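Below is one structure; the comments refer to it alone.
What you see is a predicted model, and the numbers here were worked out from it, not measured in a lab. All chains are named by letter (A, B, ...) in the order of the sequence lines, taking the proteins before the strands, and each is independently numbered beginning at 1.
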Amino acid sequence: MLRTSFIRKNKEKVLLGLKKRNFEEINLIDEILILDKKKKIVQKVLNKILEKENNLSKKIGELISYDRNDNRNDRKVSAEIEFLKERSILLKGEKKNVNDKLKKVTLLLEEKLKKVPNIPDEKVKNKSEKNDILFQDGNIDCNIKNPLPHWELSKKFSLFDSNLGTKICGTGFSVFIGKGAKLQRSLIQYFLDKNIQASYKEYSLPYLINEKSGYYTGQIPDKEDQMYFIEKDNLYLIPTGEIPIMNCYRDKIFTYKDLPIRATTYTSCFRREAGSYGSKVRGLNRLHQFEKVEIIQISSRNSSPFLDEMILHVKNILKSLNLPFRIIRLNGSDLGFSSSITYDFEVYSMAQKKWLEVSSVSNCSDFQSNRLNLRYREITGDVKFCHTLNGSSLSLPRIMAALLENNQTEDKINIPRVLVPYTEFDHIN
RNA sequence: GGAGAGAUGGCAGAGUGGUUAAUUGCGGCGGUCUUGAAAACCGUUGAGGGUUAUUCCUUCCGGGGGUUCGAAUCCCUCUCUCUCCGCCA
């Protein structure tokens, strides 16, 4: 969430930023500023009333204890006390009135503020422009004659079974079997190890979250429809490990020495993916339940070096797997609600002849930390909101798909060298 | 699921109606001492909003509501935590 103080001071910047996005309700900003002014005025009035009330009460207290201590039961004093009480009572009605008004304005202001997404970074292009392809690595020319898509390979070598998933649960769920299961588990382990080596601390977290947690990281209300909801207990299944891991840090004040915080977690992720169909959901391309290893950082306001660090980290992992990949900077229309800048990582799938998104690295600047009430103390002693960053490192099913397709030969699938210590086999046949 | 207890500052822990933002201890920070460190001693140490220019006002003792001139303190309610019993990986 943006702060009103920020909007107040940077109105033009905010408007320009929002124009880059698919954000229609631009007039919200003016409405917010008007409400903000109104709120301040009411707050001032209320403070004056409270001041008067406090003073009266203080005086009454002094008189009572004076009377009591000297045990004099002075009639003059009693009369004075009564007089002050009456004056205080008169204030009460007024106080309630103003207070109600303040609550109303505050609520309205909050409601409007909730609807405003984060302001895109300067580097982010306008919604009408094409996404930037920043980097591409690896050969996407296929040197296999008739490469099979991963779902065919899976049939050939029995690695996973979508029909079983459908049988147990419904479409969009897959069952991993034998070497397929072990390959996935190895990848998870490999990613976690890589992240831990890069000084991310591992967390193992709940897969269910309450409404508050979803709100604090920005998925609620923005992406509520994408989440599975358990009505009986009022809980949501996590669409990403980012939610439980970020919420670990809410309401904290770090000292500048503690930053940045680096953390990683492996979780299953659950997404309803309403509206997806066809080749998009074929095989492992899009599942309702998938595995993901997530990394996050919490930094000071100088966050861009840490974003670069995360990008480099994911890049190196993809390189180590020998997968052709590219990095894309999303334009304003594709940017998530809380994000100020996002880099997508895509691996090339030889058989499907298309790019598959396997990671999304974002800087949420202070948008998320504002909701999370996540702050730090600078050297000077000033308390400031942190910046939060998150990324996949990495998402499993599509990595699996690309690995299988790109490493196939006539009669087997080769396993990348770095994974062999985990899989304990160097090919699948 | 049944019964009971509790929720106070970074942590521990006082406070049951009137200068209590809150005693005290630990931790943190600064200083004295020391070649340096430790110990000891001294000092300091919450956040938000408004206002003034280095002041003043105001809010916050789990959340919400109420009683009262006045609430951390009394009442109601919600949430959470703990203990015991039951069930169970």
Side-chain angles (χ1 to χ4, degrees), chain A residues 1-9 32-71 74 76-110 113 204 206-216 220 230 232-236 244 247-259 261 298 366 369-386:
Chain A
M1 190 150 63
L2 297 177
R3 272 161 291 132
T4 40
S5 61
F6 178 81
I7 299 177
R8 211 185 299 141
K9 287 173 200 154
I32 285 168
L33 287 174
I34 290 170
L35 282 171
D36 176 48
K37 255 186 204 157
K38 221 180 195 174
K39 187 186 163 185
K40 268 193 191 167
I41 293 168
V42 179
Q43 178 84 64
K44 250 190 216 173
V45 174
L46 181 67
N47 278 1
K48 270 276 171 273
I49 296 173
L50 287 170
E51 184 181 354
K52 273 188 210 163
E53 191 194 68
N54 286 344
N55 283 335
L56 287 172
S57 294
K58 218 174 266 177
K59 244 181 235 166
I60 293 171
E62 276 163 19
L63 287 176
I64 286 177
S65 62
Y66 163 81
D67 206 26
R68 211 184 276 147
N69 285 346
D70 300 345
N71 225 348
D74 193 328
K76 267 188 194 166
V77 173
S78 322
E80 174 79 6
I81 289 172
E82 284 312 311
F83 173 71
L84 292 174
K85 274 189 189 179
E86 268 164 42
R87 276 180 60 189
S88 185
I89 289 168
L90 283 177
L91 276 176
K92 266 187 142 181
E94 204 183 335
K95 175 177 133 189
K96 195 171 162 41
N97 242 334
V98 179
N99 201 17
D100 286 351
K101 214 186 265 178
L102 180 66
K103 274 184 192 164
K104 238 187 231 168
V105 175
T106 307
L107 209 73
L108 210 59
L109 182 62
E110 288 258 308
L113 218 45
S204 197
Y207 289 10
L208 292 167
I209 50 148
N210 55 29
E211 190 183 341
K212 269 188 190 171
S213 295
Y215 171 73
Y216 288 130
I220 294 174
I230 298 159
K232 210 170 180 179
D233 295 294
N234 246 301
L235 297 168
Y236 296 82
N247 272 280
C248 289
Y249 298 101
R250 79 184 189 220
D251 294 322
K252 277 208 158 255
I253 299 179
F254 290 106
T255 62
Y256 65 95
K257 285 181 198 162
D258 297 329
L259 300 178
I261 302 288
I298 297 168
D366 62 358
S369 68
N370 195 29
R371 285 198 184 183
L372 287 162
N373 195 26
L374 170 53
R375 294 167 293 174
Y376 73 103
R377 208 181 302 276
E378 291 189 324
I379 276 189
T380 55
D382 292 349
V383 175
K384 292 273 157 61
F385 282 95
C386 295

Side chain [X], main chain [Y], donor-acceptor under 3.5 Å:
X: A/S57; Y: A/N54; answer: no
X: A/T106; Y: A/L102; answer: yes
X: A/N247; Y: A/P244; answer: no

Inset, instruction - Using heavy atoms to find the nearest nucleotide of RNA chain B for A/S88 and A/K44 separately, return the residue whose nucleotide is more 5′. - result: A/K44
Legend entry - 5' precedence on RNA chain B between A/K58 and A/K103 (nearest-nucleotide basis): A/K58
If you count heavy atoms of other groups shown closer than 6.0 angstrom to [atom1] of [X], is the number above 12?
X: A/R87; atom1: CZ; value: no
X: A/K52; atom1: NZ; value: no
X: A/E378; atom1: CD; value: yes

What is the distance from [atom1] of [X] to [atom2] of [N], rounded to the nearest Å?
X: A/I253; N: B/rG48; atom1: CD1; atom2: C1'; value: 10 Å
X: A/E53; N: B/rC69; atom1: CD; atom2: P; value: 10 Å
X: A/E51; N: B/rC56; atom1: CD; atom2: C1'; value: 8 Å
X: A/E62; N: B/rC69; atom1: CD; atom2: C1'; value: 14 Å
X: A/F385; N: B/rG48; atom1: CZ; atom2: P; value: 8 Å
X: A/Y376; N: B/rA47; atom1: OH; atom2: P; value: 15 Å
X: A/D251; N: B/rG48; atom1: CG; atom2: P; value: 13 Å
X: A/R3; N: B/rG50; atom1: CZ; atom2: P; value: 12 Å

For the [atom1] atoms, the ones on [N] and on [M], what distance do you get once it is rounded to whole angstrom?
N: B/rU79; M: B/rC69; atom1: P; answer: 32 Å
N: B/rA22; M: B/rC61; atom1: P; answer: 14 Å
N: B/rC74; M: B/rU83; atom1: P; answer: 25 Å
N: B/rG65; M: B/rG17; atom1: P; answer: 25 Å
N: B/rG36; M: B/rU52; atom1: C1'; answer: 46 Å
N: B/rU20; M: B/rC75; atom1: C1'; answer: 22 Å
N: B/rC82; M: B/rG66; atom1: P; answer: 32 Å
N: B/rG27; M: B/rG63; atom1: P; answer: 29 Å

Looking across every strand, which nucleic acid part, if any, lies under 4.0 Å from [X] by heavy atom: base, sugar-phosphate, or nothing?
X: A/S57; result: base
X: A/L56; result: nothing
X: A/R375; result: sugar-phosphate
X: A/I60; result: base

Could you please name the option among [options] that lies closest to any side-chain atom of [X]?
X: A/R8; options: B/rG50, B/rG70, B/rC57; result: B/rG50
X: A/R377; options: B/rG46, B/rG48, B/rU59; result: B/rG46
X: A/K40; options: B/rC57, B/rC69, B/rG50; result: B/rG50

Under 3.5 Å for both donor-acceptor distances, Watson-Crick or wobble: does [N] have a partner, and if so which one?
N: B/rU24; result: B/rA12
N: B/rA72; result: none
N: B/rC56; result: B/rG50
N: B/rA7; result: B/rU79
N: B/rC41; result: B/rG31
N: B/rC88; result: none
N: B/rG17; result: none

Legend entry - A/K92 vs B/rG70: side-chain N/O to OP1/OP2 distance below 4.0 Å: yes
Inset, instruction - Check whether any side-chain N or O of A/N54 sits under 4.0 Å from OP1 or OP2 of B/rC57, and answer yes or no. - result: no
Legend entry - Criterion side-chain hydrogen bond (donor to acceptor under 3.5 Å, both in side chains) on A/R371 and A/N373, from CA distance to verdict: CA-CA 5 Å; A/R371 285 198 184 183; A/N373 195 26; over 6 Å; no
Inset, instruction - Could you point out which residue of A/K384, A/R375, A/R3 forms a salt bridge (charged side-chain N to carboxylate O under 4.0 Å, His left out) with A/D366? - result: A/R3
